[in-house]
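Report on the structure given below.
Residue numbers start from 1 in every chain, and the chains themselves are labelled A, B, ... in the order their sequence lines are given, proteins ahead of strands.
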2 protein chains.
Amino acid sequence: MTKKQLIMEKSIELFASQGFDATSVQQITEHCGISKGAFYLSFKSKDELILALIDHFMMETVSSIDYLVINANDKDKLLYDFYYLCFDSVNQHSESALIFIKEQTHHLNDELISKMHYYNQLIEKSILSIIEYVYDDTVQYTKYDLVYCIQGFIKTYMELFFFYNLPADFDTLCKSLVEKTNVLARHTTIPFLSQNLIEMIKQPLNTGIAKEQIIQMIEQDIDEIEESIEKESLILLKEELERPALSRALIKGLLENIRHQVQCKTTFYVLKSYFNFE
Amino acid sequence: MTKKQLIMEKSIELFASQGFDATSVQQITEHCGISKGAFYLSFKSKDELILALIDHFMMETVSSIDYLVINANDKDKLLYDFYYLCFDSVNQHSESALIFIKEQTHHLNDELISKMHYYNQLIEKSILSIIEYVYDDTVQYTKYDLVYCIQGFIKTYMELFFFYNLPADFDTLCKSLVEKTNVLARHTTIPFLSQNLIEMIKQPLNTGIAKEQIIQMIEQDIDEIEESIEKESLILLKEELERPALSRALIKGLLENIRHQVQCKTTFYVLKSYFNFE
DNA sequence: TATAATAATGACTAATCGGTCACGTGTCAA
DNA sequence: TTGACACGTGACCGATTAGTCATTATTATA
C-alpha cells in the first residue's frame with residue numbers, strides 16, 4: 001500500500017467522525033503514524049486530499065452501478081440489484097459515505113462543488129438508463145421524475161440507517177422500494193421534469209480524471225491481477241494511453257476484454273469515458 | 001429591531017454563502033456594522049447564535065405546517081397545500097434554508113444534533129397526521145413509509161431548486177407530487193417501516209424551548225397585534241406563563257382564541273406544546 | 001564500504017480563530 | 001455640572017491552523 005492510500009484510508013475515519021474542517025492535518029498524520037512533512041510529500045494540500053477522496057469514492061460507486069447496468073440480463077432484478085448495491089456499498093464504506101452525506105453541499109471551493117455536480121450527473125445518467133431498460137417507452141414522459149424519485153428514496157432511507165442504527169434488513173427495504181418505483185412508473189401521469197428542464201440543468205461533463213491518474217489505476221490493477229488475456233489487455237491499454245497508436249476498433253476490443261472483470265470495473269468505466277465509448 | 005434580530009438576519013446571509021465554520025465572528029460583526037464586543041452582548045458564543053437560528057427557522061416551519069393541518073377542511077387540497085408551503089417557505093427564506101440543507105448532519109456538538117432530531121420528529125409527526133387525515137385507514141400498514149417518501153420527494157426536488165436556478169413552477173411541481181403520493185398510497189403493499197421500527201427510532205421529545213423564550217415570543221406578538229380579543233388572550237397567556245394560576249380549561253380556551261391567528265401561529269404552536277394540548 | 005539520492009522528520013512560521021476586557025461614548029436623573 | 005449606568009468598542013490573548021524547510025535517517029548504487 002502506498003503512503004497516499006494509507007493517508008486516504010486513515011483520514012476517512014477522522015473526517016467521518018469529525019468533519020473536514022474539524023480534522024487537522026496533525027491529527028491525520030498522527031493517526032497514520034507519519035510526520036506532517038510526509039503528508040505534504042503525498043498531497044500538495046489538505047484540499048487535494050479531499051478531492052482525491054471524492055474522486056476515489058465516487059468513481060467506485062459510479063463504476064459499480066455502471067457494471068450492474070452493463071451486465072444486466074434480468075429486467076425484474078436490475079432495479080432490486082441497483083437499490084441493494086446502493087445501500088450495501090454505502091453500508092460497507094459507511095465511513096467514507098458519511099463524509100459525503102455530511103458535506104454534500106459544503107463547497108470549500110468551486111472545484112469541489114463542480115466535482116460533486118459531475119458525479120451526480122453520472123449517477124443520474126446511470127439511473128436513467130436503468131429506467132429506460134426496465135420500463136422501455138412506457139415511462140417516456142415521466143422518466144426524469146422517476147430518476148429524482150429514486151434518488152429521493154435512496155437518500156431518505158439512507159439517512160435512516162445513519163441517524164439511527166437500524167437492523168439492516170436491506171432485502172425487505174429494496175423489495176419495498178422496487179414496488180414503490182414500479183407503482184410510480186405505472187401510474188403517474190403528471191411530470192414535472194420535462195426534457196427541456198433537464199437540458200437546462202445539464203452541464204458539460206468536463207471535470208474528468210487526469211490521464212496520469214488513469215495510468216496509476218491501470219498499474220494497480222495490473223499488479224493485482226494474474227497472468228491472463230485481461231492483464232495483457234490492461235498493459236496494452238496503458239501503453240495506448242502513454243503513446244496513442246491503436247485504432248478505435250482495437251481499443252474497443254481491449255475494453256471488451258475487461259468488461260466483465262469485477263476487479264477492474266472502475267478502471268473499465270474510467271477508460272470507457274476517456275475513450276468516449278458508448 | 002433588536003440587536004439580536006439584526007445579528008441573526010445578517011449572519012444567515014454569511015452562513016448561507018460560506019457555511020458555519022468558514023464564517024468568523026469578525027465577519028458577522030463587520031457585516032452588521034457593529035463591534036465584536038457587541039456581538040457577545042447578544043450571544044454568549046458563536047454556537048449559541050447557531051442554536052438560536054435553528055430554533056427560529058425550525059419553529060417557523062413546524063408551526064406553519066401545524067397551522068395548515070389544524071385549519072384543514074379539504075382533504076384533496078391539504079396535501080397540495082402542504083407541498084406548496086414547503087417549497088414556497090423555503091424559497092422565501094432560501095438563505096436560512098440553505099444553511100440547514102448544507103449543515104444538516106453537521107454536528108458541531110451534541111446539542112445541535114439532538115435539536116435537529118427533535119425538529120425532524122415534529123415534522124414527521126405533522127406529515128403523519130396529514131396522511132392519516134387524507135387517507136384514513138387505507139394506508140394503515142404503509143403510512144410510515146409514506147412519511148419518508150414524502151420527505152424524500154421534498155428533499156430531492158428542493159435540492160434541484162438550490163443547485164440550479166430553475167424557474168419555480170411550484171404549482172405543477174406540487175400537483176405532480178400529490179399525484180405521486182396518491183399513487184403510492186393507493187398501490188403500495190410492501191411496507192419497510194413497521195410500527196415497531198418507528199418505536200425504536202422515536203426518542204423522547206425533551207429538547208423544547210425555554211419558558212423565557214416563549215415569553216419573548218408572546219411579547220413580540222403583543223407588540224405587533226392590534227387591540228382585540230386575541231391580544232388580550234396573549235397577555236393573559238403570558239401572565240399564566242409567569243405565574244401559573246388558571247385551570248386547563250381556561251388555558252385551552254385562550255389558546256383557541258388565537259388558533260386561527262396567522263401572525264401568532266408559531267407562538268400558538270409553542271404554547272400548545274408547552275401546555276401539552278392537542 | 002562510500003557516496004548519492006530519496007524519504008521522512010518535527011520545530012517553526014504566519015495567519016486566523018473565538019473570546020475577553022479595559023476603556024470610550026452618550027444619556028439619563030440629581 | 002456631576003456621577004451612575006448601559007451600550008458599545010477594538011486591541012489583545014491563548015489556542016489552533018495549514019503549510020514550510022533545514023536537518024536527519026534510510027535506501028540504492030557503484
With a 3.5 Å cut-off and no angle check, do the side chains of B:D221 and B:T267 form a donor-acceptor pair?
yes
State, without any angle test, whether B:T156 and A:Q151 hold a side-chain donor-acceptor pair at a distance under 3.5 Å.
no
Please report, rounded to the nearest Å, how far the [atom2] atom of [N] is from the [atom1] atom of [X].
X: B:K36; N: C:dG18; atom1: NZ; atom2: P; result: 7 Å
X: A:L41; N: D:dT24; atom1: CG; atom2: P; result: 18 Å
X: B:K44; N: C:dT20; atom1: NZ; atom2: P; result: 11 Å
X: B:K4; N: D:dG8; atom1: NZ; atom2: P; result: 14 Å
X: A:I7; N: D:dA18; atom1: CD1; atom2: P; result: 14 Å
X: A:F39; N: D:dT20; atom1: CZ; atom2: P; result: 11 Å
X: A:Q18; N: D:dT17; atom1: CD; atom2: C1'; result: 14 Å
X: A:Y40; N: C:dA8; atom1: OH; atom2: P; result: 17 Å

What I want to check is whether an N or O donor and acceptor connect the side chain of A:K3 with the base of C:dA7 at under 3.5 Å.
no
Check: A:L53 and A:F57 side chains under 4.5 Å, non-hydrogen atoms:
no
When we call it a touch if two heavy atoms are under 4.0 Å apart, what does B:K46 touch: a base, just sugar-phosphate, or nothing?
sugar-phosphate
Near DNA chain C, under 4.0 Å by heavy atom, which residues of residues 22-35 of chain B?
B:T23, B:S24, B:V25
Less than 4.0 Å between a side-chain N and a carboxylate O, is that true for A:K211 and A:E242?
no
cation_pi(B:K4, B:F43) dist<6.0 Å, angle<=45:
yes
Just by distance, do the side chain of B:Q27 and the backbone of B:L14 share a donor-acceptor pair under 3.5 Å?
no
